[in-house]
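All values below come from the heavy atoms of this structure, side chains included, with hydrogens, waters and symmetry mates left out.
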Amino acid sequence: LELNPATNALVFALMGIGVLSFVVGLFFNAERTWHAFLLNHTFFMGLAIGSLFFLMIHYLSLAGWNVAAKRVSESLAFYLFLAFVFNVLLFFGLGKVYPWTNHAWMMSSEVMRGKISYFSTSFYVIRSLIFFALILIATWKLLGNSLAQDEEGGTELMLRQKPVAALFLVFFGPFFTVYSVDLIIS
């Protein structure tokens, strides 16, 4: 698929407007801007993770009908590499989004003092990085095998996806649950 230069220019102009809006928003209302960023990040990352989960289920069940639609799911899953960059960017706005980054607030009640080690910024960052390591390794392996299968043909590479999918799904449930709670509810 080739896009004409005018379409490419429009896409990059809109991306530039988005980046400029984000930077301007940080100066005028940083808290609202970071909350909007979190909402946007969560929405698009949810689509990408859903697509990756959809692909893994199809590889695990050896569903053949998915061949016609897998490129759409793979392209959405590829967004996870960009989501990682956005997640690292979110680390800079933690203080505007999450009240647990305020040490005085955490010390204000006995219940919150008991959770202070879980809600430390460094532990949050470590949990997020572990989640993304799992997701990105699985995505890289899945997309790499899929593209190699296009060149080589046959079913050998498709069959190699099954153990990757099985291993991924075992760890996906608990890690995704913890990451989602950290990202949205905390």
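- Leu10 and Val19 fall into different hydrophobic clusters, where Ile, Leu, Val, Met, Phe, Trp and Tyr residues are linked whenever their side-chain heavy atoms come under 4.5 Å apart, directly or through other members.
- No more than 12 heavy atoms of other residues, nucleotides or ligands sit less than 6.0 Å from atom CZ of Phe78.
- Across all non-hydrogen atoms, the minimal contact from Ser51 to Ala77 is CB-N, 4.1 Å.
- Without hydrogens or angle criteria, Ser146 side chain to Leu143 main chain gives no donor-acceptor distance under 3.5 Å.
- With values rounded to the nearest 0.5 angstrom, Met56 atom CE is found 7.5 Å from Gln161 atom CD.
- Residues Phe172 and Leu76 do not share a hydrophobic cluster, clusters being chains of Ile/Leu/Val/Met/Phe/Trp/Tyr side chains in contact below 4.5 Å.
- A distance of 6.0 Å or more separates the ring centres of Phe176 and Phe53.
- For the atom pair NZ of Lys162 and OG of Ser61, the computed distance is 8.5 Å after rounding to the nearest 0.5 Å.
- Side-chain contact between Leu142 and Tyr59 is present, with heavy atoms from C-beta onward closer than 4.5 Å.
- Phe28 and Ile17 fall into different hydrophobic clusters, defined by Ile, Leu, Val, Met, Phe, Trp and Tyr side-chain heavy atoms under 4.5 Å apart, directly or through other members.
- Annotation: side chain of Leu169 is in contact with side chain of Ile57 (closest heavy-atom distance under 4.5 Å).
- In this structure Phe175 satisfies the ring pair (Phe, Tyr, Trp, His ring centres under 6.0 Å) test with no other residue, sequence neighbours excluded.
- In this structure, Phe22 has its ring center under 6.0 Å from that of Trp34.
- Considering every non-hydrogen atom in both Val97 and His35, the closest pair reads O-NE2, 3.7 Å.
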| message | Run Leu134 and Ile130 through side chain to side chain contact (heavy atoms under 4.5 Å, CB included) and show every step you take. | response | CA-CA 6 Å; Leu134 169 71; Ile130 289 171; 5.8 Å; no
Could you list the donor-acceptor pairs under 3.5 angstrom formed by side chains in residues 81-91, with sequence neighbours left out?
| from | atom 1 | to | atom 2 | distance (Å) |
| --- | --- | --- | --- | --- |
| Asn87 | OD1 | His41 | NE2 | 3.1 |
| Asn87 | OD1 | Tyr179 | OH | 2.4 |

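- Here the side chains of Lys96 and Thr101 are not in contact, with every heavy-atom distance at 4.5 Å or above.
- For the salt bridge (charged side-chain N to carboxylate O under 4.0 Å, His left out) test, residues two or more places apart in sequence or in another chain that qualify with Arg127 are Asp182.
- Pairing each heavy atom of Phe54 with each of Ser73, the nearest pair is CD2-OG, 3.3 Å.
- A 6.0 Å sphere centred on CH2 of Trp140 holds no more than 12 heavy atoms belonging to other residues, nucleotides or ligands.
- The same ILVMFWY cluster, assembled from side-chain heavy atoms under 4.5 Å apart, contains both Leu94 and Phe123.
- One finds the CG atom of Leu55 at 8.5 Å from the NZ atom of Lys70 (value rounded to the nearest 0.5 Å).
- Taking CZ of Phe44 as the reference point, atom CG of Leu39 lies at 9.5 Å (rounded to 0.5 Å).
- Put simply, Ile135 and Ile137 are part of two different groups of oily side chains (I, L, V, M, F, W, Y) that touch within less than 4.5 Å, one to the next.
- Counting non-hydrogen atoms of other residues, nucleotides and ligands closer than 6.0 Å to CZ of Arg32 gives a total of 12 or fewer.
- Listed here is the closest heavy atom pair of Ala166 and Leu60: CB-CD1, 3.7 Å.
- Between the side chain of Ser120 and the backbone N or O of Ser117 there is at least one donor-acceptor pair closer than 3.5 Å.
- Contact record, Met45 with Leu183: CE-CD2, 3.6 Å, taken as the closest heavy-atom pair.
- Atom OG1 of Thr139 sits about 4.0 Å away from atom CG of Leu52, to the nearest 0.5 Å.
- Within a 6.0 Å sphere centred on CZ of Phe171, heavy atoms belonging to other residues, nucleotides or ligands number 12 at most.
- Distance OH/Tyr124 to CG/Leu129: 10.0 Å, rounded to 0.5 Å.
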